[in-house]
Amino acid sequence: MTKAKKKLITIPRLIILALLILVMIMGAWLGIRTLLVNALVGNIKALEIEGYEVGHGGLTMAGFPFTVIASSTNISVRAPSSVLPDPVKNWSIKADRLKLRSPTISPLSWDLQHSGNLRIDMRGPQGERYMFDIAPANIDARAAVSMKGSLKSATFTMSRAQIDALIGTPPVVTMLDNLSAEIKVSANTAKLSLHSNDIRLSPKIPGPLDNILGRKLELVELNADLENWSQLEQGGAQNWIENGGRVRADHWAMLWGPADMVGDFDISFKNGLPEGVINIRIKKPGSLIDTITDTGLIEKKQARQAKGFLSLIETGEDNRKSIQITIKDGIVKYGFVPLYEF
């Protein structure tokens, strides 16, 4: 008599397997929760040792067992003060509601959400004060990092927001319809894409600029590669500029009043100054030059030279003329005409 073959998969075994998986997920949730709380507490203590003031309305943890969610309200961070203009000091930020979220099975990717208003108090390079509210500041961001802690990808979106100056110098932007940005890092290059539309500028922008372009940017777009990304991520902007920083854009676009432009650029740095080329395809550049000349920003002689160059350039099928701006030795030029000096 032959023995009956035992079944490999049975109801009791499936139940035991499901329970084991659930226990593992629960353990992972508790572990991530502990790591997150310890990291937040540790970072706050480190900031306070450096002179920062950090406040919040308490930390709550939720999402058990499949998602780790950390929430807090009334968050405030105040940097150390300085009598000298210092970009890393003399600023503070207040946030209404922050939420961090991560799947238990994927603890290296995090979502960040902010709802409510943001208040920012900061100083400019000459010590001028900017204090403004962003209302509402509905922000969604996501970041994924490697096992070593370096950034793999990040996204950022902010819906329609009003920016209201409280005291001091008004910020340049007073309203925007939306802003989205994405970074993907591969082989020490970060691919950056940015899009925003319906940006309203402050009435305090310089009069000539207002007269030429107005106070509404209908579109801003950028697709660019930031080379030598590890230097920028680990050492900051100045370190990146001094050690092989380079940004190349295969597409940028701006529609600002009569300035309807698209193009690309390739810029590196030499002796701390940008150097490279900016290619522009622009609609009706002659009319724009006339408007600029009328405001007195450029001399009539320079305007005639620029329009002379433009007359030699064929207009494309998209009704645009292609021009190239060069940057060398800290001087921005169109042909032989200097436009700006750093």
Side-chain angles (χ1 to χ4, degrees), residues 43 46-47 49-52 77 79-93 120 122-130 141 143-156 169 171-173 179 181-194 196 220-254 263-280 324-342:
N43 286 332
L47 287 172
I49 290 173
E50 295 178 10
Y52 290 81
V77 180
S81 60
S82 172
V83 295
L84 299 175
D86 188 334
V88 300
K89 296 183 179 180
N90 300 320
W91 61 264
S92 69
I93 184 169
I120 298 173
M122 56 182 286
R123 300 296 190 278
Q126 305 302 320
E128 64 273 26
R129 188 179 185 183
Y130 297 88
V145 299
S146 68
M147 292 293 292
K148 295 181 179 180
S150 58
L151 183 68
K152 293 173 62 177
S153 63
T155 61
F156 174 94
T169 306
V172 175
V173 176
L179 172 65
E182 181 179 26
I183 291 179
K184 292 184 178 179
V185 181
S186 176
N188 205 24
T189 297
K191 293 186 175 297
L192 168 67
S193 61
L194 182 146
S196 186
V220 175
E221 285 184 342
L222 174 66
N223 295 328
D225 289 348
L226 303 175
E227 298 185 359
N228 204 13
W229 170 256
S230 60
Q231 288 285 349
L232 181 59
E233 183 179 26
Q234 298 169 16
Q238 190 60 39
N239 181 274
W240 177 71
I241 288 173
E242 296 172 355
N243 294 277
R246 185 180 185 183
V247 54
R248 295 191 293 179
D250 57 17
H251 167 76
W252 64 267
M254 182 176 71
D264 59 81
F265 61 78
D266 185 349
I267 296 175
S268 55
F269 298 89
K270 184 177 180 181
N271 299 323
L273 296 173
E275 185 168 291
V277 296
I278 302 173
N279 294 309
I280 304 172
Q324 187 176 84
I325 303 296
T326 61
I327 309 173
K328 189 173 178 62
D329 298 326
I331 301 175
V332 182
K333 291 183 178 181
Y334 170 54
F336 299 105
V337 180
L339 302 176
Y340 183 79
E341 184 172 353
F342 289 96

Asks: Go through Trp229 and Leu192 one step at a time and tell me if the side chain to side chain contact (heavy atoms under 4.5 Å, CB included) criterion holds.
Replies: CA-CA 11 Å; Trp229 170 256; Leu192 168 67; over 6 Å; no

Asks: Return the minimal non-hydrogen interatomic distance between Pro80 and Glu50, and the atom names on each side.
Replies: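 Taking every non-hydrogen atom into account, CG-O, 3.6 Å.
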
Asks: Distance from Asp250 atom CG to Leu222 atom CG, nearest 0.5 Å?
Replies: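 If we round to the nearest 0.5 Å, Asp250:CG and Leu222:CG are 9.0 Å apart.
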
Asks: Determine whether a donor-acceptor pair (N or O, by modelled atom type, separation under 3.5 Å) exists between the side chain of Trp240 and the backbone of Glu227.
Replies: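 Yes; at least one donor-acceptor contact below 3.5 Å.
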
Asks: What distance separates Glu242 CD from Asn271 CG, expressed to the nearest 0.5 Å?
Replies: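 Going from CD on Glu242 over to CG on Asn271, the span is 10.0 Å.
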
Asks: Verify the distance criterion only: is there a donor paired with an acceptor across the side chains of Ser82 and Asn90 at less than 3.5 Å?
Replies: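 There is no such pair between these side chains.
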
Asks: Please report the closest heavy-atom contact between Asn228 and Gly245, naming both atoms and the distance.
Replies: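 Closest approach of Asn228 to Gly245: ND2-N, 4.5 Å.
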
Asks: Once rounded to the nearest 0.5 Å, what's the spacing between atom NZ of Lys333 and atom CD of Glu341?
Replies: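 Reported value, rounded in 0.5 Å steps: 10.0 Å.
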
Asks: Considering non-hydrogen atoms only, spot the tightest contact between Asn223 and Ser193 and give its length.
Replies: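 Here Asn223 and Ser193 meet closest at OD1-CB, 3.3 Å.
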
Asks: Measure the CD-OG1 distance between Glu128 and Thr169 for me, rounded to the nearest 0.5 Å.
Replies: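 Between Glu128 CD and Thr169 OG1, I get 5.5 Å after rounding to 0.5 Å.
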
Asks: List the steps and the verdict of side chain to side chain contact (heavy atoms under 4.5 Å, CB included) for Ile120 and Tyr130.
Replies: CA-CA 8 Å; Ile120 298 173; Tyr130 297 88; over 6 Å; no

Asks: Quick one: salt bridge (charged side-chain N to carboxylate O under 4.0 Å, His left out) partners of Asp225, sequence neighbours excluded?
Replies: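 By the salt bridge (charged side-chain N to carboxylate O under 4.0 Å, His left out) rule, Asp225 matches Lys191.
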
Asks: Scan Thr189, Asn188, Ile183, Val247 and name whichever one has a side-chain contact (heavy atoms from CB on, under 4.5 Å) with Leu226.
Replies: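 Single side-chain contact (heavy atoms from CB on, under 4.5 Å) partner of Leu226 among Thr189, Asn188, Ile183, Val247: Val247.
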
Asks: Test Asp329 against Leu273 for side chain to side chain contact (heavy atoms under 4.5 Å, CB included), laying out the working first.
Replies: CA-CA 7 Å; Asp329 298 326; Leu273 296 173; over 6 Å; no

Asks: Would you give the length of the straight line joining atom CZ of Arg246 to atom CD of Gln231, rounded to the nearest 0.5 angstrom?
Replies: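 Here the rounded value is 16.0 Å.
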
Asks: Holding to side-chain contact (heavy atoms from CB on, under 4.5 Å), I want the full list of residues that pass it with Asp264, two or more places apart in sequence or in another chain.
Replies: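 So Asp264 forms a side-chain contact (heavy atoms from CB on, under 4.5 Å) with Asn279.
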
Asks: Determine yes or no for a side-chain-to-main-chain donor-acceptor pair under 3.5 angstrom, with Asn239 supplying the side chain and Gln234 the backbone.
Replies: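 A pair under 3.5 Å: no.
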
Asks: So which heavy atom on Ile241 is nearest to which on Phe269, and how close?
Replies: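 For Ile241 versus Phe269, the nearest heavy atoms are O-CB, 3.6 Å.
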
Asks: How long is the gap from NZ on Lys184 to CG on Leu151, to the nearest 0.5 Å?
Replies: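 Rounded to the nearest 0.5 Å, the NZ-CG separation comes to 12.5 Å.
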
Asks: Starting from the C-alpha separation in whole Å, work towards a yes-or-no answer on side chain to side chain contact (heavy atoms under 4.5 Å, CB included) for Ile280 and Trp252.
Replies: CA-CA 9 Å; Ile280 304 172; Trp252 64 267; 3.7 Å; yes

